[in-house]
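These numbers were taken from a predicted model, which means no experiment stands behind them. So you know, we letter chains A, B, ... as the sequences are listed, proteins then strands, and number each from 1. Side-chain atoms are counted along with the backbone in the values below, which use heavy atoms only and exclude waters and symmetry mates.
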Amino acid sequence: MPVITRFAPSPTGYLHIGGARTALFCWLFAKHHGGQNLLRVEDTDRARSTPESIETILDGLTWLGLDWDNKNYGDKNFYSQYGQRERHAEVARQMVANGTAYYCYATTAELDAMRAEQKEKGLPQRYDGRWRDRDVSEAPKDAKPVIRMKAPLTGETTVVDAVLGSITVQNSQLDDMVLLRADGTPTYMHAVVVDDHDMGITHVIRGDDHMTNTFRQVQIYKAMGWDIPIFAHLPMILGPDGAKLSKRHGAPAVSDYRDRGYLPEAIRNYLLRLCWSHGDDEIISTEQAIEWFDLDGIGKSPARFDFAKLGSVNAHYLKIADDTRLAKLAASFIAKILGADLTAAQMDLFIRAMPDVKTRAQTLVEIADMAAFYFRTTPLVFDEKAQKLLTPEAKQILADLAARLENLPDFTGEAIESTCRALSEEKAVKLGAIAQPLRAALTGSTVSPPIFGVAALLGKTESLNRIRTI
RNA sequence: GUCCCCUUCGUCUAGAGGCCUAGGACAUUACCCUUUCACGGUAGUAACACGGGUUCGAAUCCCGUAGGGGACGCCA
């Protein structure tokens, strides 16, 4: 049987990084088995679902390179849960007909009072089944009922989870949950089961905050006589402090990572290694991940998000990334710094500078910060350390240097270096006494890529211009 | 409150009863390389939550304790 997974976000906000991890695992698992990965938007909560949110989530998935195989649902390119509401209602009515569900006329106020009382008495908060065995003839007039599951009162329900193992709960712990709301729309609990069944999902891979819901969902499968899929519940991703990852930690949304200059392949690699492992392997290409990924490698305990490690993973992917691609990606960050877009000539310079720039950076933002000096105009703004370096003596040396560079026939890094070395010997000073002031003059900073290469890239005219306008 | 799950260096993890003097990666410290900063290289610090069992032998199996997380909606 072919593997079919699904990623099922609710469009009530952005794509959470934890959701992205779930999406990645679903995608990898499907790819590994040559199956399909479907996207289902859980938009049954009409009050909170928004089209903007759907856009954001789709954008996030696309940016991460996680595609889905169901792109033809009428006017939509994903499966909309709300669009299936008639089907959900139909199944709920079937369950009433076969005796595994019933109408409940209890009002919200009534239920609130019931829970308050249970809480006060220290009892478990559960629906007490007050309409479970009452006849419909007792129903109040004009009241719109909900449909509730008629859950077994005795015995136990066992879920065999591919990650957590076999877990059993007493049925007495589970109450009669609502399947269909008074307005005829399905609850999440009901809709997931119907949709997973209808879509032929073989493996339900999701966050383990859904673990305890699974018992109730299994009861619906059983009530309808449907095959139960394989469940795999992923441990949560926590913030650096061990609390649930949220806005408070700074970067909960996938878009935050794009904005901070991380590469999608780095995010994929980092997320993959959170709660999943393949021996000692750390740097794992997506191709390799597809080959290796399986449910066996998933760990059981929650993982904390570590920005330092993400940075190092990103630095690795920066190093092996194509320079033109990086320049294009970093260009928007540079434009923000400069207040203007790069010209074609500047873009060309940026690409040639990239090999020396990218090994010094962990993110595209750092690349942009570090490379901005290439594109600035004189007079440069010197930072504090650079100013300190540019003493009268240093300026004199630079003047001498400028005179010699003027006459260089080939303005290459090697030629510039030889010139500097020759000058350092003549003046009996260390190479640093020349190179550092030169760096300050050309970049405005004491930190930069190798300075002779920088000078060569800047070209003779611009280099001399910068030296002479200090 | 009730139920469910989890627990190896600071962090992510390897570990399937003897291969463990507990390995790798990030972070951190020192040194090397070096025109700066990085990269790279070498070395170091650092963990089996606790208490009982089972066993010739436990990080690994069992029980308990503690700590953490999750679920208990006409939210998803």
Opposite nucleotide pairing with [N], Watson-Crick or G-U, both atom distances under 3.5 Å:
N: B:rA58; result: none
N: B:rG51; result: B:rC63
N: B:rU11; result: B:rA25
N: B:rA71; result: B:rU2
N: B:rA30; result: B:rU42

Euclidean distance for [atom1], [N] against [M] (whole angstrom):
N: B:rG24; M: B:rA14; atom1: C1'; answer: 7 Å
N: B:rU13; M: B:rG40; atom1: C1'; answer: 25 Å
N: B:rA47; M: B:rG51; atom1: P; answer: 16 Å
N: B:rU11; M: B:rG70; atom1: C1'; answer: 22 Å
N: B:rC5; M: B:rG10; atom1: P; answer: 28 Å
N: B:rG57; M: B:rG18; atom1: P; answer: 14 Å
N: B:rG15; M: B:rC48; atom1: C1'; answer: 10 Å
N: B:rC50; M: B:rG1; atom1: C1'; answer: 26 Å

Is the closest side-chain donor-acceptor distance between [X] and [Y] under 3.5 Å?
X: A:Gln84; Y: A:Arg87; value: no
X: A:Gln118; Y: A:Gln125; value: no
X: A:Ser448; Y: A:Arg439; value: yes

**Report entry** Sub-6.0 Å ring centroid separation between A:Phe305 and A:Tyr257
**Finding:** yes
Looking across every strand, which nucleic acid part, if any, lies under 4.0 Å from [X] by heavy atom: base, sugar-phosphate, or nothing?
X: A:Thr12; value: nothing
X: A:Arg421; value: sugar-phosphate
X: A:Pro449; value: base
X: A:Ala182; value: base
X: A:Val146; value: base
X: A:Thr446; value: base
X: A:His210; value: base
X: A:Tyr270; value: nothing
X: A:Arg273; value: base
X: A:Leu274; value: sugar-phosphate
X: A:Ala455; value: nothing
X: A:Lys244; value: sugar-phosphate
X: A:Gln173; value: sugar-phosphate
X: A:Arg148; value: sugar-phosphate

**Report entry** For A:Ile147, the option from A:Val91, A:Thr187, A:Asp176, A:Leu179 that meets side chain to side chain contact (heavy atoms under 4.5 Å, CB included)
**Finding:**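 Output: one option passes, namely A:Leu179.
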Report summary line: Note: chain A reaches RNA chain B at heavy-atom distances under 4.0 Å over the stretch, first to last nt, 5' to 3', of B:rG1 to B:rA76
Geometric cation-pi criterion, [X] with [Y]: 6.0 Å, 45°:
X: A:Arg148; Y: A:Tyr103; value: no
X: A:Arg260; Y: A:Tyr262; value: no
X: A:Arg46; Y: A:Tyr82; value: yes

Query raised in the report: Closer to the 5' end of RNA chain B via nearest nucleotide, is it A:Ser277 or A:Gln170?
Result: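 Result of the comparison: A:Gln170.
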**Report entry** RNA chain B: 5'-proximal contact among A:Gly279 and A:Gly242 (nearest heavy atom)
**Finding:** A:Gly279
**Report entry** A:Asp183/A:Lys144 under salt bridge (charged side-chain N to carboxylate O under 4.0 Å, His left out): CA gap, chis, key distance, verdict
**Finding:** CA-CA 8 Å; A:Asp183 67 0; A:Lys144 285 248 174 81; over 6 Å; no
